[in-house]
Amino acid sequence: MMDRNKLEELRELVDFLKANGIAEFDLDQDDLKVRIKFAGEAAAPTGIDFAQLSRLMGSAPAAGSGVAAIGAAPSGGSAASELAAEMEEKLHEVKSPIVGTFYESPSPGAPPFVKIGDQVEVGQVLCIVEAMKLMNEIEADVAGEVVKRIAASGQPVEYGQPLFAIRAR
Amino acid sequence: MMDRNKLEELRELVDFLKANGIAEFDLDQDDLKVRIKFAGEAAAPTGIDFAQLSRLMGSAPAAGSGVAAIGAAPSGGSAASELAAEMEEKLHEVKSPIVGTFYESPSPGAPPFVKIGDQVEVGQVLCIVEAMKLMNEIEADVAGEVVKRIAASGQPVEYGQPLFAIRAR
Amino acid sequence: MFRKVLIANRGEIALRVISACKEMGIRTVAVYSEADRNSLHVRFADEAICIGPPRSADSYLNVPAVISAAEIADVDAIHPGYGLLSENANFAEVCRASNIKFIGPPPEVTRMMGEKSTARQTMKKAKVPILPGSDGVIADEKEALEWAKDVGYPVILKAVAGGGGRGMRICRNAEELPSMYQQASTEAANAFGNGDMYMEKFIERPRHIEFQVLADEHGNVMSLGERECSIQRRHQKLIEEAPSLMVTPKLRDELGKTIKKALENIGYWNAGTIEFLMDEDGKIYFIEMNTRIQVEHCVTEMVTGIDLVKAQLRIAAGEKLSSIITKPVEIRGHAIECRINAEHPEKFTPSAGKITAFNLPGGNGVRVDTAQYAEGVVPPYYDSLIAKLICHGADREEAMNKMQRALSQFVVQGIHTTIPLHQKIFADAEFRRGEFDTKFMERFFERQKEG
Amino acid sequence: MFRKVLIANRGEIALRVISACKEMGIRTVAVYSEADRNSLHVRFADEAICIGPPRSADSYLNVPAVISAAEIADVDAIHPGYGLLSENANFAEVCRASNIKFIGPPPEVTRMMGEKSTARQTMKKAKVPILPGSDGVIADEKEALEWAKDVGYPVILKAVAGGGGRGMRICRNAEELPSMYQQASTEAANAFGNGDMYMEKFIERPRHIEFQVLADEHGNVMSLGERECSIQRRHQKLIEEAPSLMVTPKLRDELGKTIKKALENIGYWNAGTIEFLMDEDGKIYFIEMNTRIQVEHCVTEMVTGIDLVKAQLRIAAGEKLSSIITKPVEIRGHAIECRINAEHPEKFTPSAGKITAFNLPGGNGVRVDTAQYAEGVVPPYYDSLIAKLICHGADREEAMNKMQRALSQFVVQGIHTTIPLHQKIFADAEFRRGEFDTKFMERFFERQKEG
């Protein structure tokens with residue numbers, strides 16, 4: 001049925017999936033198809049496939065709208081895979097604590113609060129999120145190197161949206 | 001069906017899956033297809049639970065009605081487990097080819113066509129199923145010993161309902 | 001009223017009838033084939049009896065099996081739904097012989113209306129406008145020319161034994177008729193061994209308009225207005241609506257009266273539908289009658305507030321129409337129905353299989369008739385209709401907007417459905433303006449290809 | 001009409017408003033907490049913005065977050081649904097200051113009707129019958145006796161600072177009143193540091209009856225008739241219906257006119273509900289006004305054919321009532337709503353969790369308003385309403401039978417729901433006869449225990 005080697009490979013695969021908190025795994029490559037689903041809470045199937053759902057809805061948000069983009073992919077695919085890569089690197093994300101508009105500098109034309117490669121300290125201002133005409137300074141919650149600015153200046157951001165990735169010291 | 005070695009491999013695979021809390025497993029490679037799904041709480045997203053559904057419906061059929069009993073349990077629980085036991089014994093089931101009323105004897109008061117323990121030949125009449133005033137003789141489709149009469153005389157039977165269990169020769 | 005009714009059907013219409021019975025306190029018996037063991041009509045009926053293997057011919061169309069099930073379950077009546085045994089006069093006769101009430105018209109009337117020429121003559125006598133034609137077989141070329149002059153060009157020649165378009169010709173003038181007559185007749189003789197031809201007026205762009213009626217066993221007939229069913233693909237209706245934009249209150253009223261007289265004459269009872277074609281000038285011609293409940297009955301229910309299936313049950317139980325419908329029939333708003341089929345939305349290949357996700361739209365003015373559910377299975381043996389989505393609005397505009405909204409919230413996964421096709425139709429400008437006829441879908445597909 | 005509307009709510013009402021907007025061609029923006037990321041209101045809106053963590057106070061009730069979301073999404077208006085920010089006058093003021101149209105009445109009116117004594121005085125002035133009472137604090141025993149004589153026994157004494165039943169006494173005659181007054185006042189002083197008492201007429205078995213109104217910004221007010229909401233458990237409505245068996249056409253008409261005058265006087269606009277108690281003699285008394293759409297608005301929609309949410313949107317966009325409702329309002333048939341809550345049907349403990357199976361009933365006269373779906377999750381942070389099942393029939397009897405049928409086909413697994421409780425209520429003889437009041441459920445539970 002399955003030879004020793006295959007079972008060994010399967011064992012490795014399962015260990016890997018478990019280590020990464022993966023609940024379901026499908027593979028369809030050439031002549032090999034594997035489908036694994038773990039028991040328990042974690043294995044909760046998402047039921048309705050929202051990507052397909054949204055396509056069926058015919059109400060895909062207009063392109064080019066920042067907010068629409070948020071709406072379209074609150075847990076979007078490519079973002080998720082980037083995230084995965086970063087998580088391996090153990091990057092820290094600074095998330096927006098409020099809904100509003102992201103600005104990288106204190107005023108138009110002024111230099112940004114921080115640049116990629118900068119070392120920042122806890123409490124150092126990284127950016128501004130404007131909400132209801134109020135400029136809210138967003139501070140670093142870890143010390144380390146700014147690896148990435150995830151949001152673009154002037155872009156609307158929602159609650160919990162990642163703004164910066166920082167390699168903590 | 002499966003040789004000793006394969007069964008052993010399957011046992012190993014199942015142990016492995018259980019140990020890793022896997023609820024469902026599909027594999028499709030070359031000429032090998034495996035699909036395993038564990039029973040029990042975790043692995044039970046069967047969708048609509050018809051037992052509960054029927055309870056919720058509040059339309060449980062009245063007890064004592066033969067037809068109602070058919071309606072209530074087309075694939076009933078206890079029947080299924082008895083079946084399982086019989087299948088281990090490799091009993092053959094003679095099923096009703098039509099909807100109607102089952103009679104074990106040719107006329108009221110007459111002795112039944114067959115009794116438990118009788119040896120029957122292929123083509124031997126086992127019972128009658130009456131449909132639209134017509135008496136349809138149901139014949140044995142295997143030769144062997146009558147082990148069990150599953151339907152009761154005068155009971156309505158549906159298409160495919162088991163009437164007798166026969167231990168084939 | 002009946003104590004217990006057997007529903008000799010499956011799918012959404014079986015569940016529709018079961019629901020009506022439940023609401024009337026009538027016990028229900030479902031019958032099912034082995035392929036439908038886990039269907040909702042089986043689960044929501046009070047009792048269910050397996051009557052045969054998956055093929056319809058061996059189960060749902062198997063008269064002895066259905067009757068035997070009715071006898072062992074001891075029912076008073078059988079509701080046949082639509083399709084299957086619903087217009088089978090022999091079945092109605094067996095029901096009668098078995099002392100089981102068939103919920104439909106008497107078999108004699110079913111038979112009469114089932115034969116096209118008899119139906120035509122019956123309606124003609126009652127002054128219902130019928131499609132002009134040759135009133136039978138045409139003897140020769142000369143007679144063909146005479147009939148055509150009478151009927152008016154264009155005309156269509158059809159083989160008496162015909163089917164599938166063979167032995168059929170559209171003639172637009174007297175010059176081309178003789179040769180076309182010969183061609184068609186020869187084609188028919190070769191294909192069917194019978195060269196006999198008849199002639200009908202040909203309507204280039206007909207609209208399909210049908211009138212819903214109710215009639216009791218005491219000689220009372222009532223028209224409930226019309227439905228427009230012009231959106232069809234290969235004679236299969238896709239979208240139906242009520243009322244029709246083309247039927248004026250005057251036409252509705254007049255035709256309703258004519259139909260009433262015609263059906264009173266023939267002793268009809270049950271729900272029924274009189275189908276018409278309407279030509280480009282708004283003239284309307286009888287084509288056939290259906291002596292059962294229709295798939296699209298729901299749009300009439302939405303605009304009239306009358307429950308047609310309950311009315312069928314009450315009529316069959318001997319009630320008078322005057323006790324079933326106590327107020328004058330009034331058309332309120334506009335209703336549209338989309339047939340959601342398990343088919344590929346472009347290729348129309350049937351798409352049987354397991355449904356993996358099923359989200360129904362709801363809310364104000366939205367009705368769904370379905371026997372499907374999440375994790376349900378669409379078997380390959382039967383017709384592909386899995387749900388009817390019906391929207392009711394204050395006017396056609398609101399009904400269409402509601403349909404677009406509801407379609408966008410109707411999620412079916414695991415199989416293909418016609419939902420994406422409906423979404424495109426409801427975005428089509430001509431459809432929205434109500435500019436269509438039975439050839440709309442052909443033009444629509446061409447536009448889609450071009451676009 | 002608005003170009004884009006933000007819906008500051010969740011669950012079925014958010015989806016209800018989104019659907020109405022879609023049908024009107026308005027773009028929609030959903031806001032959601034982190035717990036609602038996979039909710040249907042998020043998925044079916046054109047855009048969706050996460051505004052905070054699960055707790056309502058940090059998300060749906062967080063005014064700056066909602067306003068900021070409205071600003072970045074650039075919407076014209078906000079629909080607040082019911083609950084949450086819908087009757088928060090401060091929120092309406094912030095909307096106004098931010099140049100965003102709040103879909104509701106002006107904040108001044110919300111504030112006025114939100115204060116019980118102001119609302120009472122306002123209604124009293126407009127000749128709306130109010131519950132008789134002491135018109136403020138009672139000075140002493142002697143004054144209490146005078147008021148009681150005026151109001152008529154039985155009366156109820158309530159602590160001005162009260163709540164939770166403390167400092168409350170029902171007095172049935174002048175003999176027992178003085179001692180009860182002293183007891184209650186002392187109790188109130190101990191509990192709240194304030195012994196001030198007021199008095200109201202006590203109704204033993206009140207029915208809860210409310211009138212639905214629509215009012216535009218041009219001073220026009222219209223009553224759409226009443227709903228009966230007496231089936232409550234701990235002041236939570238469980239079942240609502242329209243019309244009420246207790247409201248005669250004459251009462252409906254007269255009270256409608258009085259309400260119309262009252263609301264014209266105060267400059268009300270938006271949909272709104274005037275709540276009354278009806279005593280055993282059929283006399284009706286104003287208790288409070290809700291200045292928003294209600295959970296149970298659907299039963300009014302079913303019997304009048306008027307879409308109340310669309311009416312709200314059109315009113316807020318400045319339309320006149322006369323263009324929204326063009327025909328006289330007519331009550332057609334009877335509608336009943338069951339609130340399907342994620343609660344244990346006997347213990348009423350909330351039942352959050354994952355839904356594993358979800359089969360919605362459909363068919364003629366059945367409406368479901370829900371934002372739940374198979375595999376959906378009921379978070380523990382919000383109210384337990386997961387669906388509203390509304391049935392419309394030709395009369396109350398048909399509506400009740402339809403409800404029983406629909407409840408039997410409504411399958412929810414994975415969590416507990418109130419479906420089995422509703423099934424028992426609809427089988428209860430007193431309920432079916434329409435013999436109930438707001439204490440019906442207490443008696444019902446006692447009967448269930450005995451039975």
Side-chain angles (χ1 to χ4, degrees), chain C residues 12 15-16 18-25 40 43-44 297-298 301-302 305-310 326-327 330 332-333 357-376 387-394 397-406 408-409 411, chain D residues 12 15-16 18-25 40 43-44 297-298 301-302 305-310 326-327 330 332-333 357-376 387-394 397-406 408-409 411:
Chain C
E12 68 85 19
L15 193 54
R16 168 79 186 87
I18 289 169
S19 294
C21 289
K22 265 184 189 279
E23 292 170 21
M24 295 171 80
L40 286 193
R43 300 303 162 172
F44 287 135
H297 74 276
C298 312
E301 292 186 328
M302 299 306 275
I306 293 163
D307 191 309
L308 291 171
V309 174
K310 285 187 186 171
T326 51
K327 289 176 208 161
E330 186 201 334
R332 203 186 210 191
F358 199 63
N359 185 65
L360 294 184
N364 199 10
V366 176
R367 167 177 173 184
V368 183
D369 278 32
T370 185
Q372 275 302 346
Y373 57 96
E375 321 258 335
K388 302 186 306 200
L389 174 57
I390 304 115
C391 289
H392 184 224
E397 187 66 20
E398 192 183 39
M400 288 191 296
N401 292 344
K402 211 174 270 287
M403 187 64 83
Q404 287 188 296
R405 186 273 288 179
S408 78
Q409 295 174 348
V411 180
Chain D
E12 68 86 19
L15 193 54
R16 168 78 185 89
I18 288 169
S19 293
C21 288
K22 265 183 189 279
E23 292 171 20
M24 295 171 80
L40 286 193
R43 299 303 162 172
F44 287 135
H297 74 277
C298 312
E301 292 185 327
M302 298 306 274
I306 294 163
D307 190 309
L308 291 170
V309 174
K310 285 186 186 172
T326 51
K327 289 175 207 162
E330 186 201 334
R332 203 187 208 190
F358 200 63
N359 185 66
L360 294 184
N364 199 11
V366 175
R367 167 177 172 183
V368 183
D369 278 30
T370 183
Q372 274 303 347
Y373 57 96
E375 323 260 335
K388 303 187 306 200
L389 174 57
I390 305 115
C391 289
H392 183 225
E397 187 67 20
E398 191 183 40
M400 288 192 296
N401 292 345
K402 211 173 270 289
M403 186 64 83
Q404 286 187 298
R405 185 272 288 180
S408 78
Q409 296 174 348
V411 180

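All heavy atoms count here, side chains included; hydrogens, waters and symmetry mates do not. Lettering of chains follows the sequences in order, A, B, ..., and the numbering in each one begins at 1.
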Student: Dump the intermediate steps for side chain to side chain contact (heavy atoms under 4.5 Å, CB included) on D/D307 and C/K402, then the final yes or no.
Tutor: CA-CA 12 Å; D/D307 190 309; C/K402 211 174 270 287; 4.3 Å; yes
Student: Please name the residue in the list D/R367, D/H297, D/E23 that meets the side-chain hydrogen bond (donor to acceptor under 3.5 Å, both in side chains) test with C/N364.
Tutor: D/R367
Student: Which pair of heavy atoms, one from D/N359 and one from C/Q372, lies closest together, and at what distance?
Tutor: OD1-O, 4.2 Å
Student: Find the distance between CD (D/Q409) and NZ (C/K22) and round it off to the nearest 0.5 Å.
Tutor: 6.5 Å
Student: Need one label for C/K388: side chain, backbone, both or neither, based on atoms under 4.5 Å from any heavy atom in chain D.
Tutor: neither
Student: May I ask you to name which of C/V366, C/D369, C/I390 has the most heavy-atom pairs under 4.5 Å with chain D?
Tutor: C/D369
Student: Pick one of side chain, backbone, both or neither for D/E330, based on which atoms fall under 4.5 Å of a heavy atom in chain C.
Tutor: both
Student: Side chain, backbone, both or neither: which part of D/E398 has a non-hydrogen atom closer than 4.5 Å to chain C?
Tutor: side chain
Student: If you count heavy-atom pairs under 4.5 Å between each of C/E397, C/M24, C/R332, C/R16 and chain D, which one has the most?
Tutor: C/R332
Student: If we define contacts as heavy-atom pairs under 4.5 Å, which of D/G393, D/G363, D/G365 has the most with chain C?
Tutor: D/G363
